[in-house]
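Worksheet: the structure to be examined is printed underneath.
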Amino acid sequence: MRDRSPLAGQTVTIRADVAVLGGQEYRVEDWWQNVYGGSWMTADGNPAAMKYGFRAGLAGLPLDDEVLYGKVGPLGHLVHVSEIEGADR
């Protein structure tokens, strides 16, 4: 477990240039590690983690655990903190 994300509980906007999710409001629950109990890289069979891994590979995102879990509408998604508008890249 790690400390709660400073973005937890907030609604933020995903950067417009992010494939599929760009420009949408994202309700952050917390770091993926805190929600799931481990890294997204070891979340075998988890659909949200698999979708993120595919998207991260195509986008060249860092292979780290600076990954948030939250929702766009009713669906859960993983988003790298650098994909949030106003976040440092």
Side-chain angles (χ1 to χ4, degrees):
M1 269 312 251
R2 62 191 284 185
D3 289 342
R4 188 169 163 86
S5 167
L7 296 174
Q10 295 184 38
T11 298
V12 297
T13 303
I14 299 172
R15 286 192 349 250
D17 63 334
V18 173
V20 181
L21 300 172
Q24 297 189 64
E25 288 191 345
Y26 182 66
R27 292 181 321 278
V28 179
E29 288 190 21
D30 202 354
W31 296 114
W32 169 255
Q33 286 175 294
N34 292 346
V35 173
Y36 181 75
S39 174
W40 66 271
M41 293 177 265
T42 59
D44 296 339
N46 181 282
M50 291 187 322
K51 284 172 44 178
Y52 173 75
F54 182 74
R55 194 171 59 75
L58 291 175
L61 293 173
L63 287 177
D64 61 23
D65 282 310
E66 297 299 298
V67 177
L68 299 162
Y69 177 78
K71 293 190 176 170
V72 173
L75 301 177
H77 296 276
L78 278 68
V79 171
H80 193 271
V81 72
S82 68
E83 296 180 296
I84 303 297
E85 266 188 25
D88 293 330
R89 293 190 212 182

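Just so we're clear, the structure is a prediction, and the values are computed from it rather than from any experiment.
When atom types are taken as modelled, the side chain of Arg15 and the backbone of Ser82 share a donor-acceptor pair closer than 3.5 angstrom.
With Tyr26 as the fixed residue, the side-chain contact (heavy atoms from CB on, under 4.5 Å) test singles out one of Ile84, Val18, Leu21, Leu7: Ile84.
Placement of Trp32 and Leu63 within a single hydrophobic cluster is found when ILVMFWY residues are connected by side-chain heavy-atom separations under 4.5 Å, directly or transitively. Residue Leu78 is not grouped with residue Phe54 when hydrophobic side chains (ILVMFWY) are merged at heavy-atom distances under 4.5 angstrom, including chains of intermediate members. Note on Val81: it does not cluster hydrophobically with Leu61, by side-chain heavy-atom contacts below 4.5 Å among ILVMFWY residues.
When the side-chain contact (heavy atoms from CB on, under 4.5 Å) test is applied to Met41, the partners found at least two apart in sequence or on another chain are Ser39, Asp65. Among residues two or more places apart in sequence or in another chain, the side chain to side chain donor-acceptor pair (under 3.5 Å) test is passed with Asp30 by Asn34. Checked against ring pair (Phe, Tyr, Trp, His ring centres under 6.0 Å), Trp40 has the following partners two or more places apart in sequence or in another chain: Tyr52. Judged as a side-chain contact (heavy atoms from CB on, under 4.5 Å), and not counting sequence neighbours, the contacts of Thr13 are Glu85.
A 6.0 Å sphere centred on CD of Gln10 holds more than 12 heavy atoms belonging to other residues, nucleotides or ligands.
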ask   = Are Thr11 and Val28 close enough, and set up right, to give a side chain to side chain contact (heavy atoms under 4.5 Å, CB included), and what steps lead you there?
value = CA-CA 6 Å; Thr11 298; Val28 179; over 6 Å; no
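Pairs passing the salt bridge (charged side-chain N to carboxylate O under 4.0 Å, His left out) check and including a residue from residues 36-59, sequence neighbours excluded, read Arg55-Glu83.
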Report, one line per pair, each donor and acceptor closer than 3.5 Å where one atom sits in a side chain of residues 66-77; sequence neighbours left out.
unit_1	atom_1	unit_2	atom_2	d
Glu66	OE2	Arg2	NH1	3.4
Glu66	OE2	Arg2	NH2	2.9

